[in-house]
K.L.:
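This structure is in structure tokens; I'll ask about it shortly.
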Amino acid sequence: MCGITGWVSFDRDLRSVSGTLDAMTETMSCRGPDDRGTWIEGPAGLGHRRLAIIDLPGGRQPMTARTPRGTVALVYSGETYNFTELRRELTGRGHRFTTESDTEVVLRGYLEWGEAVAERLNGMYAFAVWDGRHDKLVMIRDRMGIKPFYYYETPDGVLFGSEPKAILANPLARARVTTDGLRELFTMVKTPGHAVWDGMNEVEPGTVVTVDRGGLRRHAYWRLETRPHPDGREESVAKVRELLDDIVRRQLVSDVPRCTLLSGGLDSSAMTAIAARQLGETGETVRSFAVDFVGQSENFVADELRPTPDTPYVHDVAKASGTDHRDIVLDSHALADPEVRAKMIRARDLPMGFGDMDASLYLLFRAIREHSTVALSGESADEVFGGYLQFFDEDARNADTFPWLVRFAEHFGDDADVLRPDLTDALDLPAYIQSGYDTAVAGIRRLDGESDFEFRMRKVCHLHLTRFVRILLDRKDRASMAVGLEVRVPFCDHRLVEYVYNAPWSLKSFDGREKTLLREATADVLPRSVYDRVKSPYPSTQDPKYAVALQEHVKDLLGEPAHPVFDLVDRDRVARAAGRDVPQITQASRRGLERTLDLAIWLELYKPEISLA
């Protein structure tokens with residue numbers, strides 16, 4: 001796991017500007033604290049920061065291969081879980097390896113199959129190849145978009161990086177955000193390819209981007225396709241378990257300490273229990289970690305979104321699976337700390353507005369990093385198996401918009417409620433959301449004979465797997481890599497995603513409950529309490545001290561009347577929220593306070609040019 005960056009300039013020799021490449025590379029130091037390397041040859045420069053996971057001494061990058069027609073150089077971030085099989089196949093084809101790393105397997109795979117190497121990889125990855133034989137850059141991203149990857153076209157080439165900050169470190173990149181960028185910031189829609197920063201794009205998941213003297217081209221090597229599901233109930237349950245056993249076994253491979261993230265929900269509990277059983281075969285104990293808040297279990301108040309606290313279920317799983325478990329207990333002072341907020345915004349390059357859930361994730365990962373370098377997560381199971389409330393809400397199912405937005409404001413507050421009225425009018429967020437939705441559902445294929453209800457549920461599942469999940473995957477990647485922790489996501493294995501996506505909803509929820517296929521596939525390793533537990537999302541603190549701390553920080557901000565944040569947010573609305581008595585602070589007003597603070601810190605850190613033209 002690493003941070004990558006690079007620069008291709010067909011009109012110059014980049015050796016004269018190696019210092020700029022160094023600066024771009026150093027912005028990725030948090031993603032790769034163990035080593036660094038740069039490589040320049042003529043018009044191409046590559047930079048790499050390494051977090052050593054497999055073959056600690058042998059996986060240094062950039063990695064090169066000399067050929068009679070030119071050098072092929074690679075920078076790679078991620079993990080290829082089937083590298084052992086690919087290495088064996090490539091050896092049979094005459095390739096000779098000098099390291100034990102999966103990076104060299106990807107490089108040799110490119111030499112053998114070219115861009116089609118992507119179709120053979122099972123993993124999470126973002127990598128760039130400078131092919132000196134053809135003077136072209138090839139950028140490839142994993143199928144689900146687990147690892148981030150951005151690029152910025154220049155007059156004579158391209159800049160790229162794992163995160164926008166690497167690109168913005170180059171003087172050719174302009175730190176500018178236009179109207180569409182603000183729209184993307186204040187809607188939970190995740191438009192494919194959109195990077196918020198003007199002129200910058202994401203390499204879309206499952207996509208190859210090539211750049212040569214003729215320009216830039218894109219083609220998809222993978223899409224979520226509609227196919228008939230051949231199996232019945234018993235066969236589907238058995239297949240899901242077979243896939244999970246194989247996926248977890250592959251993703252436990254590491255030369256450094258690893259652990260699991262355990263929330264006490266079905267997803268993380270099933271993954272932890274399977275990992276514990278597999279490692280137990282060799283006498284090894286799984287480490288598990290959970291986040292908790294001071295006083296949360298004692299003072300917990302149930303609501304529609306979170307009916308139960310996590311901790312009792314976490315401890316049931318830890319006991320049943322015999323894990324070496326630790327709760328990371330956070331207090332409101334730490335969650336509201338402006339320094340923590342700034343670190344998370346710096347990690348994400350944007351003020352994404354997850355509030356205390358961003359802060360707690362960062363603090364959880366920072367604590368875990370003291371013990372482990374790799375963590376397995378239950379992220380994405382809700383999108384794959386159908387776990388959210390909106391999968392069962394008739395209004396959300398039938399709405400001609402993104403299902404998670406139907407009750408979003410009710411549960412979390414309106415993202416745009418904090419904005420100045422004139423800005424709200426200029427952004428016209430409802431029209432932006434509707435356009436994004438119409439585009440998102442346009443290409444979803446219906447099976448012959450598929451009922452109206454099943455096709456509606458196919459749309460709901462497709463939207464979660466191609467839009468919503470990418471928001472959460474990006475959040476998890478940035479928070480973890482900000483502290484040098486690699487988080488793996490077994491439920492994003494494309495084989496599992498393809499199989500479960502094409503299972504009809506009548507199979508996904510054959511008992512009327514959420515994630516029935518997953519629950520039945522892992523019933524033998526789950527405590528009964530977890531088997532019966534109703535879905536509860538990632539926790540948020542209920543401590544009123546957190547809201548008080550937010551108010552104090554916003555009051556400090558209100559004391560700076562010239563602060564640029566008030567070009568975006570409505571000062572009077574913010575002042576009213578900051579002056580309310582704590583019992584009157586609604587979820588919406590709390591979110592408004594968090595949004596205001598996030599925007600203020602982002603404007604201070606990045607000083608973006610905001611253009612509403």
Side-chain angles (χ1 to χ4, degrees), residues 1-5 22-33 36 47 49 51 77 126 147-150 152 159-171 173-177 181-182 184-186 195-198 200 202 330 333-369 471-487 549-550 553-554 556-557 563-565 568 593-610:
M1 190 61 62
C2 309
I4 64 173
T5 190
D22 288 339
M24 295 169 68
T25 302
E26 286 314 297
T27 65
M28 298 287 93
S29 59
C30 60
R31 299 185 71 92
R36 72 173 303 279
R49 290 290 315 210
L51 176 63
S77 170
K147 302 314 297 177
F149 203 177
Y150 297 84
Y152 186 103
L159 311 170
F160 69 84
S162 292
E163 298 178 1
K165 61 176 64 68
I167 293 170
L168 294 173
N170 190 302
R174 189 175 175 185
R176 183 170 181 259
V177 176
L182 290 176
E184 195 72 12
L185 270 182
F186 287 96
V196 178
W197 299 98
D198 187 41
M200 196 181 297
E202 283 189 315
L330 306 174
H333 175 75
L335 292 172
D337 186 348
E339 185 177 337
V340 171
R341 187 176 297 277
K343 286 182 182 296
M344 195 59 187
I345 291 170
R346 182 64 177 161
R348 302 192 74 177
D349 294 305
L350 295 169
M352 295 305 295
F354 280 78
D356 72 294
M357 292 185 289
D358 264 354
S360 66
L361 196 66
Y362 173 84
L363 293 168
L364 170 66
F365 289 157
R366 190 172 70 180
I368 291 173
R369 186 62 176 86
I471 299 171
L472 301 184
L473 288 173
D474 185 74
R475 171 176 173 260
K476 183 147 287 183
D477 174 88
R478 301 303 186 85
S480 59
M481 294 306 294
V483 297
L485 177 71
E486 173 178 297
V487 174
L550 290 179
H553 296 317
V554 168
D556 290 341
L557 191 62
H563 197 289
V565 74
L568 301 176
L593 295 171
E594 290 172 327
R595 267 298 201 181
T596 300
L597 293 170
D598 286 353
L599 283 165
I601 291 172
W602 177 61
L603 291 168
E604 292 165 6
L605 287 174
Y606 287 85
K607 297 178 173 54
E609 174 192 348
I610 306 293

K.L.:
Can you list everything that forms a side-chain hydrogen bond (donor to acceptor under 3.5 Å, both in side chains) with Asp556? Sequence neighbours excluded, please.
P.N.:
none

K.L.:
Side chain to side chain contact (heavy atoms under 4.5 Å, CB included) between Leu550 and Asp356: does it pass, once the steps are laid out?
P.N.:
CA-CA 10 Å; Leu550 290 179; Asp356 72 294; over 6 Å; no

K.L.:
I'd like to know if the side chain of Tyr152 and the backbone of Arg174 have a donor-acceptor N/O pair within less than 3.5 Å.
P.N.:
yes

K.L.:
Quick one: closest heavy-atom pair of Ser77 and Arg31, and the distance?
P.N.:
OG-NH2, 4.5 Å

K.L.:
Using every non-hydrogen atom in the two residues, find where Met344 and Tyr362 come nearest and quote the distance to one decimal.
P.N.:
SD-CB, 4.0 Å

K.L.:
Determine the minimum heavy-atom distance between Asp337 and Glu339, stating which atoms define it.
P.N.:
OD1-N, 2.9 Å

K.L.:
Kindly indicate whether the side chain of Lys165, heavy atoms from C-beta on, has any atom under 4.5 Å from the side chain of Cys30.
P.N.:
no

K.L.:
Looking at every heavy atom in both Val340 and Ala359, which two are closest together, and how far apart are they?
P.N.:
CG1-CB, 3.9 Å

K.L.:
Taking the side chain as everything from C-beta on, heavy atoms only, tell me whether Met357 gets closer than 4.5 Å to Glu594.
P.N.:
no

K.L.:
For Ser162 and Cys2, which heavy atoms make the closest approach, and how far apart are they?
P.N.:
OG-O, 4.2 Å

K.L.:
To check you understand the geometry: which heavy-atom pair defines the closest contact between Pro164 and Asp349, and what is its length?
P.N.:
CD-OD2, 3.1 Å

K.L.:
How long is the gap from CD1 on Ile601 to CD1 on Ile345, to the nearest 0.5 Å?
P.N.:
4.5 Å

K.L.:
So Arg49 and Thr25, do their side chains get closer than 4.5 Å, heavy atoms only?
P.N.:
yes

K.L.:
When rounded to the nearest 0.5 angstrom, what distance separates CG in Leu603 from CG in Leu568?
P.N.:
6.0 Å

K.L.:
Could you note down all residue pairs passing salt bridge (Lys or Arg N to Asp or Glu O under 4.0 Å) where residues 596-607 supplies at least one of them, sequence neighbours left out?
P.N.:
Arg341-Asp598

K.L.:
Could you grab the distance from atom CG of Leu51 to atom CE of Met28, nearest 0.5 Å is fine?
P.N.:
13.5 Å

K.L.:
Which distance, rounded to the nearest 0.5 Å, do you find between the CG of Leu350 and the CG of Leu599?
P.N.:
10.5 Å

K.L.:
Evaluate the side-chain proximity of Trp197 to Ile167: yes if any heavy-atom separation is below 4.5 Å, no if none is.
P.N.:
no

K.L.:
Quick check on side chain to side chain contact (heavy atoms under 4.5 Å, CB included): which of Thr27, Thr5, Leu159 does Asn170 satisfy it with?
P.N.:
Leu159

K.L.:
Measure the spacing between CG of Leu364 and CZ of Arg369 and express it to the nearest 0.5 Å.
P.N.:
14.0 Å

K.L.:
Could you give the distance from CZ (Phe160) to CE (Met200), rounded to the nearest 0.5 Å?
P.N.:
13.5 Å

K.L.:
Is there a side-chain contact between His563 and Leu557 (heavy atoms, below 4.5 Å)?
P.N.:
yes

K.L.:
Could you go through the side chain to side chain contact (heavy atoms under 4.5 Å, CB included) check for Leu185 and Trp602 one step at a time?
P.N.:
CA-CA 12 Å; Leu185 270 182; Trp602 177 61; 4.3 Å; yes

K.L.:
What residues form a salt bridge (Lys or Arg N to Asp or Glu O under 4.0 Å) with Asp474, not counting sequence neighbours?
P.N.:
Arg348, Arg478

K.L.:
If you count the non-hydrogen atoms of other residues, nucleotides and ligands that lie under 6.0 Å from NZ in Lys343, is the total more than 12?
P.N.:
no

K.L.:
Is there a donor-acceptor pair under 3.5 Å between the side chain of His553 and the backbone N or O of Leu597?
P.N.:
no

K.L.:
Less than 4.5 Å apart, any side-chain heavy atom of Ile368 and any of Val483?
P.N.:
no

K.L.:
Taking the side chain as everything from C-beta on, heavy atoms only, tell me whether Asp198 gets closer than 4.5 Å to Glu609.
P.N.:
no

K.L.:
Please examine the side chains of Leu168 and Tyr150, heavy atoms only from C-beta on, and report whether any two atoms are closer than 4.5 Å.
P.N.:
no

